[in-house]
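Residue numbers start from 1 in every chain, and the chains themselves are labelled A, B, ... in the order their sequence lines are given, proteins ahead of strands.
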Amino acid sequence: MRSLQMGLEAKLESDLEPWLCYYCGECSVECPRDAEPGETMMSLRRWLTARYDFTGISRLFYLSWKAELLAVIIVALIAGAGFLLYGFSQGNITQYNGPDAFLPASSIHIFDWTLAAVLLALLLTNCARMWWFTVGRDTKVHVPLSAYVRKIYLLPTHFFTQMRYARCEQKRPWAIHLVLMLSYVTMLILIMFFLAPMWSGPAVKWSVHVFGLAATAGLLVTTIIFLRKRLKKSEVQYQHSHETDWMFLVLLIVVAATGLVQFTLHRLGLGTAANINYVIHMMAVVPMLLLEVPFSKWSHMAYRPLAMYFADLKAEEMVSKAREAVGAPQAA
Amino acid sequence: MEDLKIGVFICNCGTNIAKVVDCDAIVDSVERLPYVTVARTYKYMCSDPGQDMIQADIEEHGLDRVVVAACSPRMHEPTFRKTLQKAGLNPYFLEMANIREQCSWVHDDPVAATEKAAALTAAAVLRVAHHEALERRSVDMCPNTLIMGGGIAGMSAALDLADAGNRVYLAERSDHLGGNVARADLTAPYLDSARDMLTERVTRVVEHPNIDVLLESQVRKVDGFVGNFQTTIRGKADDGAPTDSVYDVGSIIVCTGYKEFDASRITHYGYGKLPNVVTSFELEKMLRAGRVTTKEGRVPQYVAIIHCVGSRNLEFHAYCSRVCCMTALKYAHEVKSAVPGAYVSDIYIDMHAFGKGMEDFYRRSSEIKTLFLMYEKNDYPVIRKADATDDCDMLIEVNETLSGETIEMPADLVVLMVGMEAREDSEEVAHLVNISRDKDGWFIESHPKLDPVATTTDGVYIAGACQAPKDIPDSVAQARAAAARILARTARGKIEIDAVFAEVDEEKCSGCRMCNELCPYVAIEFDPEKRRSHVISALCKACGACVAACPSGAITARHFTDKQIFSEIEGVLA
Amino acid sequence: MTFEPKIVGFLCNWCSYTGADLAGTSRIHYAPNVRIIRVMCSARIDPTFVLKALHDGADGVLICGCHPGDCHYSEGNYKMMRRYPLLKSLLADYGIEDERVRLEWVSASEGQRFADIVNDMTERVRALGPSPVKAALEADLAER
């Protein structure tokens with residue numbers, strides 16, 4: 001808070017602490033000066049996201065919601081147009097599966113992976129910048145490579161369990177967020193690796209679809225819960241909602257909803273409807289993956305686990321240095 | 001000596017005395033002394049039941065002398081003298097032994113403390129046997145008051161006294177009323193106009209039929225005593241020549257105020273060298289003119305305010321000047337409203353927001369986006385000229401404690417919150433009215449807690465910043481308190497003067513006249529016919545200089561006779 | 001048994017006595033060896049008081065007044081100042097050590113200073129031992 005007041009940008013940029021916060025809101029409730037530290041941390045995360053991003057797009061989105069909306073709409077329209085053109089060029093709109101399929105699974109698969117590659121390239125670059133700001137250029141702490149390797153398990157651990165959030169006084173928010181996150185990840189895995197089995201025929205393959213349905217249910221329920229909380233401003237952390245918060249939830253709900261509709265239409269054998277719905281689905285998915293993940297709120301899914309990992313590495317290094325300084329034995 | 005009946009009353013003062021001194025042991029030791037009829041202890045002798053107990057014992061046992069071993073006589077001598085009076089005994093038949101301030105509060109060894117307390121009580125017992133009945137004199141109380149200083153304190157006191165129908169002589173050294181408040185624009189914490197406040201006061205004072213406003217006037221001499229002072233005031237005649245006038249007054253209130261610390265004494269702030277480093281009063285001048293600009297006439301983008309300039313500093317003044325923190329916040333508000341885009345930083349050690357509305361004011365100052373930077377007491381900020389490439393005039397290097405960072409704060413204008421100090425003429429004033437000053441030059445009050453406006457010189461009161469740094473509400477409170485004290489006395493019309501003075505035994509006097517020259521009050525006159533000296537009791541202050549000097553031992557100091565003091569010496573060493 | 005000196009203090013009402021009271025209200029502790037007698041002004045202190053105190057068994061005498069220039073009675077302390085050297089030379093003739101009788105200026109706000117003076121004087125007199133006056137008087141009495 002102090003660095004913010006004094007405008008110490010370089011210090012803030014190198015700080016991991018905003019990412020250690022999950023915005024349970026306890027601090028804002030306790031603050032005797034009503035300074036809203038919780039919302040300040042949230043704003044800091046948005047600022048840091050903008051700083052890590054080398055393209056400047058993130059900054060633009062945070063400063064102008066109209067720019068973000070426009071970008072999403074443009075990307076959505078281009079995606080929509082692209083898919084329609086592709087579909088019409090080589091398939092029949094009434095056909096969902098088979099040789100004449102409007103949008104064959106194989107093509108989608110290639111598209112998905114290309115999109116993933118682009119997204120990963122952008123995201124990973126930004127993550128590298130994050131590492132540089134927070135760990136790399138810190139002259140006071142030097143983390144050895146062995147430590148990075150030894151502690152790499154922290155990344156998936158934090159990612160999948162959100163365990164630090166569970167340490168807040170209120171456990172419910174952690175639970176809901178965990179469900180949302182796991183549902184999202186499940187869906188992602190299904191789409192990236194199990195697209196073909198999901199696509200094949202109207203017959204229900206329960207072994208595949210049970211996960212998809214569970215994930216979709218999880219997504220829909222939690223997203224609606226969050227939307228409601230934000231609309232009702234029910235708790236302290238929902239008092240302020242930035243446009244990026246709404247965009248995040250709206251896109252997610254559209255993706256999940258159209259996903260469910262997709263499943264239903266597909267099972268019902270309504271090919272045309274299914275295809276059209278799928279185009280709409282992709283019109284939400286593409287901006288989400290291309291814009292929201294690397295440049296907007298979604299990026300926190302990468303930055304936060306990374307921050308936990310880096311923080312642990314730095315802490316371990318500082319403790320070991322301190323022990324050395326006082327001549328105490330090093331930890332086993 | 002006739003058979004006396006002495007009552008000895010030893011106070012426990014709760015645990016203040018009883019915790020260290022064994023009061024029962026003292027009872028035992030005094031009971032063995034000659035003429036002691038009654039000796040007892042009580043929890044709080046000065047309380048109503050305590051006093052009633054003394055009165056009852058006086059009546060029951062026919063006591064004719066009373067010793068109270070308790071707190072300092074400077075605390076309760078008047079209280080117990082009244083008790084004796086109520087019981088029909090002359091109030092001067094009392095002697096107190098100071099076994100609290102000068103015994104139980106300063107010693108921790110109970111054996112030594114009890115021994116000492118017993119000795120002090122014994123001394124009082126032996127002394128009181130030699131006390132004589134003395135009658136207090138009653139003299140007319142002149143209802144006029146001299147007020148030295150025409151600032152907010154002086155004017156407030158003047159109005160209360162004048163409204164009650166008494167004449168007030170308000171002597172002001174400069175050519176206008178208002179003092180230091182007249183130099184201010186607005187006041188913290190409500191941002192009221194100082195001018196409006198003063199105009200109301202000044203108008204009423206100037207128009208009041210009972211107040212004589214003496215501008216460009218200085219008090220040259222004060223003679224006399226409480227209720228009967230004669231003061232000589234040098235003013236300006238119509239043609240500009242100095243002219244002396246004498247006034248009769250019964251009381252004097254000293255409201256001479258303060259002066260500000262000279263900031264050029266602190267070199268690392270560059271005052272006097274860097275043109276845009278100004279003091280608080282210089283900023284007030286700008287604010288009153290309605291324009292805040294740098295020396296070069298530009299609107300400042302960055303304004304910094306530094307607290308504790310000359311205060312809380314062992315090198316200059318160790319004390320806190322009390323008003324500057326809130327005044328600094330006032331400047332933050334005023335600068336922000338004069339220059340809306342300005343970046344205001346407030347560089348302080350601690351934020352002293354002690355009074356009514358002040359914490360809220362502090363909060364409001366945060367809300368207008370003042371940046372607060374804290375520095376440690378002896379780790380002062382340093383101001384230097386910025387380079388040509390910087391977008392500001394000066395840079396202030398601060399070791400900021402809240403963030404732990406050393407930063408350079410830009411500033412186009414720096415405001416130094418200079419502290420208060422005693423005026424150069426405070427020594428002169430103190431001697432004029434016979435009051436004392438403490439080590440920082442502020443006038444000393446009679447008692448730091450219970451008597452903040454009276455002084456050791458009866459009839460002379462102090463009010464406002466001349467007593468210690470304080471803000472307007474406190475200055476006005478003290479001024480009006482002093483006025484109330486005076487009104488309580490003038491309402492009686494007469495004043496009782498202590499019966500203690502010196503007397504010449506004409507039979508013993510050899511007419512050597514040594515005493516005549518010694519008296520600082522010229523209270524001893526020589527009768528050439530009788531060839532004897534004689535003390536004018538109304539003028540005598542009982543200092544005893546003449547008593548000690550008389551080679552014939554002809555002068556006695558009532559209530560401080562040689563016999564009385566000798567018995568005290570005996571008692572103390574028994 | 002350490003020798004505990006008995007010191008009589010003559011303090012003027014306005015400055016030094018008030019200063020001693022201030023030491024009390026500030027709870028500043030000091031040695032219990034000084035027994036205070038109040039006078040209105042140091043000018044009242046007749047040299048015979050000092051002699052009587054020494055005669056009656058005091059090991060030391062402390063005289064306190066206002067700082068020069070600050071006397072409540074204008075110049076009383078100057079009068080004390082003038083008498084003092086004569087008194088001291090008289091005492092010296094009697095063989096009474098210089099440090100047994102002391103003149104100090106203590107103002108009403110100097111509680112700590114008063115305590116320091118008492119402590120310092122107590123130690124100095126302790127070092128000198130019991131007053132020679134006592135011994136001389138006893139010898140005198142024994143002779144008779």
Exercise. What is the ring orientation for C/F49 with B/F566, classed by angle as parallel under 30°, tilted 30 to 60°, or perpendicular over 60°?
Worked result: perpendicular
For this session: Could you please spell out the steps behind the salt bridge (charged side-chain N to carboxylate O under 4.0 Å, His left out) verdict for C/E110 and B/K439?
Result: CA-CA 9 Å; C/E110 289 179 320; B/K439 65 172 163 52; over 6 Å; no
Segment of [X] engaging chain B (4.5 angstrom heavy-atom cut-off):
X: C/Y17; result: both
X: C/I28; result: backbone
X: C/A31; result: backbone
X: C/T25; result: both
X: C/R82; result: side chain
X: C/V118; result: neither
X: C/C71; result: backbone
X: C/T18; result: both
X: C/N33; result: neither
X: C/L22; result: neither

For this session: Take atom NE2 of C/H55 as the centre, draw a 6.0 Å sphere, and report whether it contains more than 12 heavy atoms from other residues, nucleotides or ligands.
Result: no
Exercise. For atom OH of C/Y94, is the number of surrounding heavy atoms from other residues, nucleotides or ligands below 6.0 Å larger than 12?
Worked result: no
For this session: Given salt bridge (charged side-chain N to carboxylate O under 4.0 Å, His left out), test C/D46 with C/R83 step by step and report yes or no.
Result: CA-CA 9 Å; C/D46 196 322; C/R83 290 177 196 144; over 6 Å; no
Ignoring hydrogens and angles, state whether a donor on the side chain of [X] or [Y] is under 3.5 Å from an acceptor on the partner side chain.
X: B/R100; Y: B/S72; value: no
X: C/N119; Y: C/E123; value: no
X: B/T457; Y: B/T455; value: no
X: B/N98; Y: C/D21; value: yes
X: B/Q564; Y: B/H131; value: no

Top contributor to chain C contacts, counting heavy-atom pairs under 4.5 Å, from [options]:
options: B/C543, B/P520, B/G544; value: B/C543
options: B/I435, B/N16, B/D562, B/V500; value: B/D562
options: B/V572, B/I569, B/D109, B/V547; value: B/I569
options: B/C546, B/G571, B/P73; value: B/P73

Relative to chain C, which segment of [X] carries a heavy atom at a distance below 4.5 Å: side chain, backbone, both, or neither?
X: B/I444; value: side chain
X: B/H431; value: side chain
X: B/A502; value: neither
X: B/S436; value: neither
X: B/S104; value: neither

Exercise. Is the backbone of B/G14 close enough, under 3.5 Å, to the side chain of B/N12 for a donor and an acceptor to pair up by distance?
Worked result: no
For this session: Give a yes or no on whether the backbone of B/E428 and the side-chain of B/D425 come within a donor-acceptor separation of less than 3.5 Å.
Result: no
Highest number of heavy-atom pairs under 4.5 Å with chain B: which of [options]?
options: C/C15, C/G76, C/A53; result: C/A53
options: C/A20, C/P32, C/A43; result: C/P32
options: C/R27, C/K6, C/H67, C/K79; result: C/R27
options: C/M80, C/E75, C/R38, C/E4; result: C/R38

For this session: Let me see the working for B/R513 and B/E517 under salt bridge (charged side-chain N to carboxylate O under 4.0 Å, His left out), right down to the final yes or no.
Result: CA-CA 7 Å; B/R513 303 189 68 177; B/E517 301 305 304; 5.5 Å; no
Exercise. Are the ring centres of B/H107 and C/Y30 closer than 6.0 Å?
Worked result: yes
